[in-house]
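Taking it in order: structure first as structure tokens, then the write-up.
Here is the naming used below: chain letters follow the sequence lines, and residue numbers restart at 1 for every chain. As a basis for the values below, the full set of heavy atoms in this structure was taken, side chains included, without hydrogen atoms, waters or symmetry mates.
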Amino acid sequence: MDHLITVNLKVNGTDVTKSVEPRTHLVDFLRNELSLTGSHAGCEHGVCGACTVLVDGEIVRGCLTLACQLEGAHVQTVEGLTESGAIADLQTAFHQRNSLQCGYCTPGMLVCASALMDEHPQASREEIREYLSGNYCRCTGYEAIVDAIESTMKNRAAGKALAGEDA
Amino acid sequence: MNAPVPGLKPTTYIGQDTPRANARRLLAGRGQYVDDMHLPRELHAAFVRSPHAHARITRLDLSKARQARGVFWCGTGHDVAAVVSPWVATLTHFKGLKSAPQYAVALDRATWQGEAVAVVVAQTRAQAEDAVQLVEVEYETLPAVTDMETALDATTPVIHPDLGDNLAFTRSLDTGGVGDVFAGAHLVVEDTFRFGRHTGVCLEPRAITADYDASEHQLTVYLANQAPHMMRDIFAKHLDMPESNVRVIARDIGGSFGIKVHVYPDEMAIVGIAKLLKRPIRYSADRLESMSTDIHAREHRVKARMAVDKDGRILAFDMEDLTGIGPYSVYPRTSAVEGNQVVNLTGGPYDFRHYIASLKVVFQNKTPTCQYRAVGHPIAVAVTEGLVDLAAQKLGMDPAQFRRLNLIPDDKYPYTSASGLKFEQLSHHACLDKLLKLMDYPKLRAEQAALRAKGIHRGIGLAALIEVTNPSALFYGVGGARISAQDGCTLRLEPTGWVTAITGVTEQGQGTEGMIAQVVASAVGIPVEHVRVITGDTDVTPYGGGTWASRAAGIGGEAALQASKELKSNILALAGAILKRDAAGLDLRQSQIVERATGEVLQPLSETARIGQYRPDTLPREFQPQLSVTRQYGQRDWPFVFTNGIQASYVEVDPDTGFTRLLKHWMVEDCGTIINPMLVDEQLRGGIAQGIGAAMLEEILYDADGNLKNATLADYLVPMAAEMPDMVFGHVETPTKSSELGAKGAGEAGTAGAPAAVMNAINDALAPFNARVTDQPFTPERLLKALGKV
Ligand code: FES
Ligand code: FES
């Protein structure tokens, strides 16, 4: 695979220009080219959601998206959402409620949950479960994740989002 | 007169829902899993794997792969065997267990689909994977042994001719007189239970980076593994290196559940190649490789019967277990343990004296099986509880009442079970009481009856269980396994008054580090935020067993407690020397040296520690402050410290489609002293979810030729958020007297009991149709078959 494609995009607010093999998936691009190792590869065929990131505000599977398709796009990963403080309340809720164990699914869960909270800020528990149903977690049994998302939504709705614990 | 300053009181974090230490960086995407880390000059390995379950390699040509771009090295099994010696996974306490020598990469014959037959090393992973396609292998396929039921037939080929037959291990147990008891029993219930082969499906696939430095003859292995010291010993042995020249580092691990506590041939190959090439070599399994090479578990068929008297008292069990383990016993823990546990644990919660059991463990051409979370428990519990519910039904007794009659009375301890297990003190009846209350059992039964009248078929299933935790050396050590039966904790008082805790038990998300921090903070007398916990590095931590068999809190926690008490007494001695007071009159509370009797603050710990570190010249000449301590702990009172618990499942079955909806799940359990209730509940919850996976979804399917048919996550189904019921927990606390902390394990009880509870709930729902299922997973198809609809 000698042929490289140059792609210009924005990642977590920063302009990035890189030459990539056409077959390079977004998750490998983020992890290997940009050292953004918060996004994980769990199945590499679109089932587990560990690679979930935002592209222009929509959740996508980093293992099903080719990096070379992203000319002009804005990619946001857990690192970017953390630095901007956009999900600090959700991260605090996850910590308080122990909504993570090994943490491998967690970046994908957070990205997915942040999209859910933007799209359906009043989602019910069933709707939260439904929305997360493309994100596999082997450790938690999901309930603590649902609890943390639900409580964060309630707090946001009440306009008293908790500040990040150590933000 | 001034009002007296209120004195400081002792505080504790034991029993508190303290958020976990070391978890925030995982939330920020700052975890350090093996695949996240890179070393200078590293190379990537990829494996050529056998497409056949059983085949002789007739030609293996690496020449084209060697020419491919970026390829640095290619090797066969023979090349790797030159640096990695083979192993045979037997232990002397499993009498008669046999297995064949296993090589890191197959030499001339592949024995399961997915076994590595060659390896390619290249500059990038993609290049290595590309070059794998260029390796030419010709095979002569051999007949595959797949069906465990016929594995011992005279006409079935023997996988390892040198072993004589396909029988890896057999065990029988007979308390005597069992036949007469069955013959004279009022009621005998019997059934056959089948368990689908499944696997751990850790979200992080197995991963390793091995770095060999020839100048120091030093091997450093970054490995996602639960037992770093065990792996260090094994790497040293099979690479013929001094153990002290091997360092194993296990940083963050993306789930393990027993999957990452075994020796994997491909990982052995990676360390060998690193030594051979004197370069860092890395390898991560992809999902297909995980499904076909991570250990599998639980392929069992159990025929069992239970004898009951006219009052509904259990008299005897008779159980015959057949299990298929793949072509090799897995190193070093062996593949005899699971079946052995089924024999030990069947009937475990109940008070009866007569038991006869036999176990056959057979070889097959499928992925090797070994210990996965709850090892043998889910099988023993499903068999036992399935028969218990059947007997209750036949006698027209309420299943809760039947259990009440038969569970070992809470005042009958210490107790030795019919299979010879020794129980220190269990609380089955207290747990049952609490469970029935928690779920409002009578109301739920009434609701069930009312809905049944309307054609809605709900079922309630109970499952009592015991769990093996806090193992002594009897688990592995006595059989010759070099797996530490103790663990240690080193504490270091920093000049700031903070404490660094370095422990041999490891973290894979259970909350080990948080648990250790809570124990240390409580016993030393400092805020939990002032404890830094370090795990998972054989050059740094005390030698120890690591995390498995639910031992981290019970063994590692006790070592931390004893170290904390020692450090605290050293700190008070130092404070006494500084303050010129008797140390016996001092205490350390909330990082303050106080007068024990009044709580009056005398000196901040930061000042004590500062003087101890920087100004010992101000202390009496003969006094040397001891600011680091290590304590080790091994559990020696019992072979295992058992826990107990009981689960309940509430389901709705659609008799037209065969679909089951899980409505709710309850569990009450007793893991002794609870250090962090939230972490314990989350262990139970995650464990139950895995048990539900086994009961409802998970089954590795092979065809008759040994081809794995569902090796992707699209085909092998795992529990997702939408299918999981909410779960409710309760606890009874019976601390073990074998340690001062009193903690027992909690990591596996959820998985142990969930399949049985779900099975009994489904069968309760199916009872009006005279239908019954006992083959897991309970798919819609199996339910429809039981209902006679397909
Ligand atoms: S790695 Fe992308 S969905 Fe699993
Ligand atoms: S926390 Fe381990 S996979 Fe979700």
Check against side-chain contact (heavy atoms from CB on, under 4.5 Å), A:Thr37 and B:Arg30: CA-CA 8 Å; A:Thr37 52; B:Arg30 296 288 302 262; over 6 Å; no
Test side-chain contact (heavy atoms from CB on, under 4.5 Å) on A:His95 and B:Leu27; report intermediate values, then the result. CA-CA 8 Å; A:His95 190 219; B:Leu27 283 158; 3.7 Å; yes
Set out, in order, the CA-CA distance, both residues' side-chain angles and the distance that settles side-chain contact (heavy atoms from CB on, under 4.5 Å) for A:Thr106 and B:Leu26, then state yes or no. CA-CA 7 Å; A:Thr106 309; B:Leu26 304 178; 5.6 Å; no
side-chain contact (heavy atoms from CB on, under 4.5 Å) evaluation trace for A:Glu143 with B:Met724: CA-CA 8 Å; A:Glu143 194 171 331; B:Met724 283 301 98; over 6 Å; no
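The candidate from B:Gly200, B:Ser290, B:Gly31 with the greatest count of non-hydrogen atom pairs under 4.5 Å with chain A is B:Gly200. Between chain B and the residues A:Met109, A:Arg129, A:Glu79, the most heavy-atom pairs under 4.5 angstrom are made by A:Arg129.
Judged by distance alone, the side chain of A:Arg31 and the main-chain N or O of B:Asp35 form a donor-acceptor pair under 3.5 Å. With A:Tyr142 contributing its side chain and B:Pro719 its backbone, the two residues share a donor-acceptor pair below 3.5 Å. The main-chain N or O of B:Leu203 is never found under 3.5 Å from a side-chain atom of A:Arg138 such that the two would form a donor-acceptor pair.
Contacts of B:Arg20 with chain A are made by both backbone and side-chain atoms, with heavy-atom separations under 4.5 Å. Looking at A:Leu110, the atoms closer than 4.5 Å to chain B (heavy atoms on both sides) all sit in the side chain, from C-beta outward. If you measure heavy-atom distances from B:Leu713 to chain A, the contacts under 4.5 Å come from both the backbone and the side chain. In this structure, chain A has heavy atoms under 4.5 Å from both the backbone and the side chain of B:Asp286. Heavy atoms closer than 4.5 Å to chain B are found nowhere in A:Asp28, neither backbone nor side chain. Contact annotation for B:Ser284: neither backbone nor side-chain heavy atoms come within less than 4.5 Å of a heavy atom of chain A. Contacts between B:Met291 and chain A at a heavy-atom distance below 4.5 Å are absent for every atom of the residue.
Residue-level contacts of residues 42-76 of chain A with chain B, in order of numbering, are A:Gly42, A:Cys43, A:Glu44, A:His45, A:Val47, A:Cys48, A:Ala50; threshold 4.5 Å between heavy atoms. At a heavy-atom separation below 4.5 angstrom, chain B is approached by A:Arg125 within residues 117-128 of chain A.
Rounding to the nearest 0.5 Å places CD of B:Gln683 at 8.5 Å from SG of A:Cys139. Distance OG1/A:Thr82 to CZ/B:Arg25: 13.5 Å, rounded to 0.5 Å.
Between B:Glu129 and A:Arg23 there is no salt bridge, since no side-chain nitrogen of the basic residue lies less than 4.0 Å from a carboxylate oxygen of the acidic one. At a threshold of 4.0 Å, the pair A:Arg97-B:Glu682 counts as salt-bridged, since one of the basic side-chain nitrogens sits closer than that to a carboxylate oxygen.
Residues B:Pro205 and A:Tyr104 share a closest heavy-atom pair of CD-OH, 4.2 Å.
Under 3.5 Å, the side chains of A:Gln101 and B:Gln508 contain no donor-acceptor pair of N or O atoms.
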